[in-house]
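So the structure is just underneath, and the comments pick up after that.
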Amino acid sequence: MSHGIQLRAVLYDHPDAVKLNDQVQLEYQARYDDGEGDATFLDPAMFVPPQGLYLLAYDAQDAPVASGGWRSQERNDEGYSNGDAELKRMYVIPEARGLGLARRILSALETDARAAGRVRMVLETGDQQPEAIALYLSSGYTLSAKFGHYRFHNSSRCMTKPLMDSPAGV
C-alpha cells in the first residue's frame with residue numbers, strides 16, 4: 001500500500017535530507033552507549049547519479065518521512081570490493097514506521113544500483129538496530145566480514161547482497 005507516499009531523488013544536502021539525517025543521528029545517539037551518531041564521512045557528491053542516489057519518501061502532506069541512499073565503493077583498505085554499492089542513511093520517522101517504507105526505498109535503491117552496474121549491495125548497521133537487521137535479512141542480505149568505518153567495533157554488523165546474477169559455471 002502506498003499511503004500516498006512518493007519517492008523522490010534529492011541531493012544529500014537537500015534541506016529535507018539534512019532534517020532526516022539529523023533525526024537518524026539522534027536515534028543512533030539514543031541507541032548506542034557511546035552517545036555519538038554515525039561518524040562515517042559522507043560528501044553530497046557521493047550520492048550523485050550514476051555514482052549513487054539519495055531518496056526521500058514524502059507523505060500525502062508533502063512532509064519527508066523516510067530516507068536512504070547508496071554510494072559507489074571500490075576495493076580499498078576498509079574492506080570494500082570493486083563494484084560495491086554501499087547503503088547509507090536508511091531511516092523512517094517513528095510516525096511512519098510499519099508502512100513498508102524502508103522496504104520500498106531499499107528495493108528502489110537496489111534497482112538503481114543494479115542499473116548503474118554495481119554488482120553487490122553492502123551495508124553496515126549495528127546490534128542495537130534489530131528492526132534494520134530483520135529488514136535486511138528478510139530482503140536477502142547475509143552477514144559478512146566487516147568493512148567500512150566501524151569494521152573494528154564489536155557492535156557493528158555488516159551485510160551483503162549480490163545485485164547481479166553470477167555467470168554460468170561460477
Side-chain angles (χ1 to χ4, degrees), residues 1-32 35-73 84-116 118 120-143 148-150 155-161 163:
M1 187 178 292
S2 71
H3 300 281
I5 301 292
Q6 292 183 350
L7 297 185
R8 296 182 202 154
V10 300
L11 297 175
Y12 180 70
D13 56 359
H14 182 282
D16 290 339
V18 171
K19 176 183 174 182
L20 290 183
N21 187 54
D22 290 347
Q23 289 180 282
V24 74
Q25 293 293 344
L26 290 172
E27 187 153 332
Y28 295 152
Q29 291 169 10
R31 288 187 184 221
Y32 291 93
E36 296 180 12
D38 183 349
T40 305
F41 173 75
L42 297 177
D43 184 306
M46 295 173 173
F47 297 96
V48 174
Q51 296 303 310
L53 178 69
Y54 204 76
L55 295 175
L56 293 184
Y58 287 87
D59 68 12
Q61 289 74 44
D62 207 36
V65 294
S67 65
W70 72 267
R71 63 179 179 163
S72 295
Q73 291 284 6
D84 281 351
E86 183 182 22
L87 195 63
K88 296 303 295 178
R89 296 299 188 264
M90 290 287 293
Y91 179 69
V92 178
I93 65 169
E95 301 81 10
R97 292 179 184 166
L99 301 177
L101 299 180
R103 192 171 303 278
R104 187 170 163 195
I105 289 173
L106 180 62
S107 177
L109 293 172
E110 290 173 350
T111 297
D112 187 74
R114 187 178 299 110
R118 301 280 98 189
R120 182 176 78 151
M121 188 68 86
V122 302
L123 66 94
E124 188 275 334
T125 189
D127 62 1
Q128 298 304 305
Q129 295 168 260
E131 310 92 330
I133 292 170
L135 167 70
Y136 300 131
L137 289 173
S138 71
S139 298
Y141 288 78
T142 57
L143 290 169
H149 184 79
Y150 290 99
S155 63
S156 174
R157 301 293 180 266
C158 291
M159 306 175 103
T160 64
K161 178 181 178 178
L163 293 175

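Treat the numbers as computed from the prediction; the structure is a model and nothing was measured.
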Heavy atoms only: give me the nearest [X]-[Y] pair and the separation to one decimal.
| X | Y | value |
| --- | --- | --- |
| Val92 | Ala66 | CG2-CB, 3.8 Å |
| Ala39 | His149 | CB-NE2, 3.8 Å |
| Ala132 | Thr125 | CB-OG1, 3.8 Å |
| Pro50 | Ala116 | O-CB, 3.6 Å |
| Leu135 | Ser139 | O-OG, 2.8 Å |
| Trp70 | Ala85 | CE3-CB, 3.6 Å |

Between [X] (side chain only) and [Y] (backbone N and O only), is there a donor and an acceptor less than 3.5 Å apart?
| X | Y | answer |
| --- | --- | --- |
| Ser107 | Arg103 | no |
| Tyr91 | Gln25 | no |
| Arg118 | Asp112 | no |

[X] side chain near [Y] side chain, heavy-atom distance below 4.5 Å:
| X | Y | result |
| --- | --- | --- |
| Gln129 | Tyr28 | yes |
| Leu163 | Glu110 | yes |
| Tyr136 | Met121 | no |

*Of Leu56, Leu101, Ile105, the residue whose pairing with Leu7 passes side chain to side chain contact (heavy atoms under 4.5 Å, CB included)*: Ile105
Separation between [atom1] of [X] and [atom2] of [Y], rounded to the nearest 0.5 Å:
| X | Y | atom1 | atom2 | result |
| --- | --- | --- | --- | --- |
| Leu109 | Arg71 | CG | CZ | 13.5 Å |
| Asp127 | Arg157 | CG | CZ | 4.5 Å |
| Leu87 | Leu106 | CG | CG | 6.0 Å |
| Gln51 | Gln73 | CD | CD | 10.5 Å |
| Met159 | Glu124 | CE | CD | 11.0 Å |
| His14 | Arg8 | NE2 | CZ | 8.5 Å |

*Those residues that, when tested against Asp22, pass salt bridge (Lys or Arg N to Asp or Glu O under 4.0 Å) (two or more places apart)*: none
*Parallel, tilted or perpendicular, as decided by the 30° and 60° cut-offs, for the rings of Phe47 and Tyr12*: parallel
_Salt bridge flag under 4.0 Å for residues Asp38 and Arg89_ = yes
